[in-house]
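Reading through the structure tokens given below for one structure.
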Amino acid sequence: MSTVTGTLVQLKLSLLRNGLRQSAGRRAAYIASAVVTLLFAGLQLLGLVLLRGNAHADAVVVLLVAVLALGWAVMPLFFPGGDETLDPTRLVMLPLRPRPLVRALLAASLVGIGPLFTVCLFAGSVIAVARGTAAYIVGVVAVGLALLVCVALARAVATANLRLLTSRKGRDLAVLSGLVIAVGAQVVNFGAQRLGSSGLGQLAPVADVLRWVPPASAIGAVDAVSEGSYGIASAQLALSVVALAALLAMWARHLTRLMTSPDGSTLQAAGDTTVRDRPSTGLARLLPSPRAKSLGGTPSRTGTAMERSLRYVWRDPKTKAAWVTSLAIGLIVPVFNALQGTGSIYFACFAAGMLGIQMYNQFGQDTSAFWMVAMTISSTRDAYVELRARALALLVITLPYAALVTVLTTAMLGDWARLPEVLGLSFALLGAMLATGAWTSARFPYSIPQEGYKNVAPGQAGLAWIAIFGGMVAAALLCAPVIAVTIWINTSAGGDAWSWLLLPVGTAYGAAIAYLGLRLAAPRTAERLPEILTAVSKG
């Protein structure tokens, strides 16, 4: 191992070790995530071992390796801050040549939970298809080669797009991550159900193509050796070697360009910087005017706070990502289940539940800028108006969206008789989540780091879990009366004739519980302003 390689590997280990020493919460979160990841990897390894001897084992492992490589390629686009220790721009001032630096960064990239998880799956894939000593020998080479291709692919993609990903517009790619994950999870679920009913034989045509695509070709070579096709195995291994060499060359070229060419931060900002007072446009015109007077003769803050919250949704990458994820999952879950014929109209309440989560940690999304809001809150009344405005901004999106998802799900299932009661349940759930979200925002605030793609600052993971999951449990308990009435109507004789009452009852109940929650949260917010400001400014 060269001096540069050894230094960067030691640096990676030191940074990981020192990072875990910063707080008990960060250490516990890392250990918990490592345990869960390794447990999942062990279960996957066991499943692949049990697949040994199956007629379609080769198709399964080739497809698995290809999907895993795809994950390595796209994850840097969505989470470029996931491994801050390998950011090459931090090494610009050091006298390092590109090729030794590539080797050092590649070795340092092999340190972590992700590579270990990948090795477990690749090893299980080899065990599933290898037969004979020669196949196992080739398997050892294939595992190392496939891992290097995956890591080099991830680093080459990340380096080529680093300038874009660290820009303001580039960070909006995080919006796509939630959508891709949500859609991907449902597609995988749908595909698993189809495979369960039709068998693994459907994978064979796709696997026949992918076994010639690196790094899946390396694992395909193991199966070829098991079948005695040494020529085919040699060609498949050669493809992976060529792919690795090409990726390393591309990585070195982009790395050289990144570390020698200027970027926008080194150039003088140009253009007219005059600030113009432009009138509000679009949705802002429909909100209460900030110039409108309240009953007490003071300017109303409702419109201002609502517009600020909606601008966060549109402009802030972290807030936008959270909203897009909630919107996507809230629609996908009921619609996909309806398409599969296993859905229930009550799944439509998932839309209100997912969007209601956005009420939690309202002040954390402001980060350190919350001090400007805190300066305008001098009484319980001010705190109540601020919380009410934030809740109203959320309702501007949530109410029509929840109604649209409910109507769409009802149309797909053809169960129009239950539409009023499901809408009532959705609105009651939304009101309960607004109430609990306002209270937990004041009682358990936490910071959302602006840099990277972490949604909780180190040491505050416990607060986030308490705020979100504790609030969701409380919201479910608050909805118990409406749920009980729904069950009674659906189980009693002649109850269907009264099901339409659940719409006005659920709506009124949701509005009342939301109003009560905001009233109870307001004094807590006014009292704990210094603590809230300290908590949300840590990131």
Side-chain angles (χ1 to χ4, degrees), residues 40-75 114-154 157 184 187-247:
F40 181 72
L43 293 175
Q44 292 292 315
L45 176 60
L46 178 60
L48 289 169
V49 172
L50 295 176
L51 191 64
R52 180 179 174 83
N54 188 285
H56 304 290
D58 58 328
V60 173
V61 298
V62 166
L63 185 61
L64 175 65
V65 174
V67 171
L68 196 58
L70 178 63
W72 274 91
V74 301
M75 278 305 181
L116 181 58
F117 175 83
T118 304
V119 167
C120 290
L121 265 63
F122 287 171
S125 300
V126 169
I127 296 174
V129 297
R131 295 186 300 276
T133 304
Y136 280 104
I137 294 175
V138 173
V140 173
V141 177
V143 168
L145 188 57
L147 177 63
L148 291 175
V149 170
C150 288
V151 175
L153 176 61
V157 170
V187 170
V188 169
N189 180 37
F190 184 73
Q193 292 186 5
R194 290 289 301 272
L195 287 177
S197 60
S198 304
L200 298 176
Q202 297 183 89
L203 300 178
V206 179
D208 289 340
V209 176
L210 292 178
R211 67 177 67 250
W212 291 99
V213 178
S217 60
I219 305 300
V222 180
D223 180 61
V225 171
S226 300
E227 297 293 337
S229 304
Y230 296 103
I232 294 177
S234 300
Q236 290 173 328
L237 284 176
L239 280 175
S240 295
V241 172
V242 171
L244 177 60
L247 288 171

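Residues: numbered from 1 along the sequence shown.
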- For the pair S217 and L237, evaluate side chain to side chain contact (heavy atoms under 4.5 Å, CB included) and give the outcome as yes or no after the intermediate values. CA-CA 7 Å; S217 60; L237 284 176; over 6 Å; no
- Query: What's the verdict on side chain to side chain contact (heavy atoms under 4.5 Å, CB included) for F122 and T118, showing C-alpha distance, side-chain angles and the deciding distance?
  - Reply: CA-CA 6 Å; F122 287 171; T118 304; 3.4 Å; yes
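Between L153 and A73, the closest heavy-atom pair is CD2-CB, 3.6 Å. Summarising the geometry of S125 relative to V65, their closest heavy-atom pair is OG-CG2, 4.1 Å, with the distance given to 0.1 Å. Across all non-hydrogen atoms, the minimal contact from W212 to A235 is CZ3-CB, 4.0 Å. Counting all heavy atoms, side chain and backbone alike, L210 lies closest to A66 at CD1-CB, 3.8 Å. In terms of heavy atoms, A152 sits closest to L244 at CB-CD1, 4.0 Å. Closest non-hydrogen pair, A128 versus A57, comes out as O-CB, 4.1 Å.
Atom CG of D58 is separated from atom CG of L51 by 9.0 Å, given to the nearest 0.5 angstrom. Note: S240 OG to L247 CG = 10.5 Å, rounded to the nearest 0.5 Å. Here the NE2 atom belonging to H56 is positioned 13.5 Å from the CG atom belonging to L63, to the nearest 0.5 angstrom.
A 4.5 Å side-chain heavy-atom check between L64 and L121 finds at least one atom pair inside the cut-off. Proximity of C120 to F40: side-chain heavy atoms (C-beta onward) are nowhere separated by under 4.5 Å.
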Could you list the donor-acceptor pairs under 3.5 angstrom formed by side chains in residues 218-231, with sequence neighbours left out?
{"residue": "S226", "atom": "OG", "partner": "V129", "partner atom": "O", "Å": "3.0"}
{"residue": "S226", "atom": "OG", "partner": "R131", "partner atom": "N", "Å": "3.0"}
{"residue": "S226", "atom": "OG", "partner": "V222", "partner atom": "O", "Å": "3.0"}
{"residue": "E227", "atom": "OE2", "partner": "R131", "partner atom": "NH2", "Å": "2.7"}

Donor-acceptor list for residues 133-146 side chains, cut-off 3.5 Å, not counting sequence neighbours:
{"residue": "Y136", "atom": "OH", "partner": "R52", "partner atom": "NH1", "Å": "3.3"}

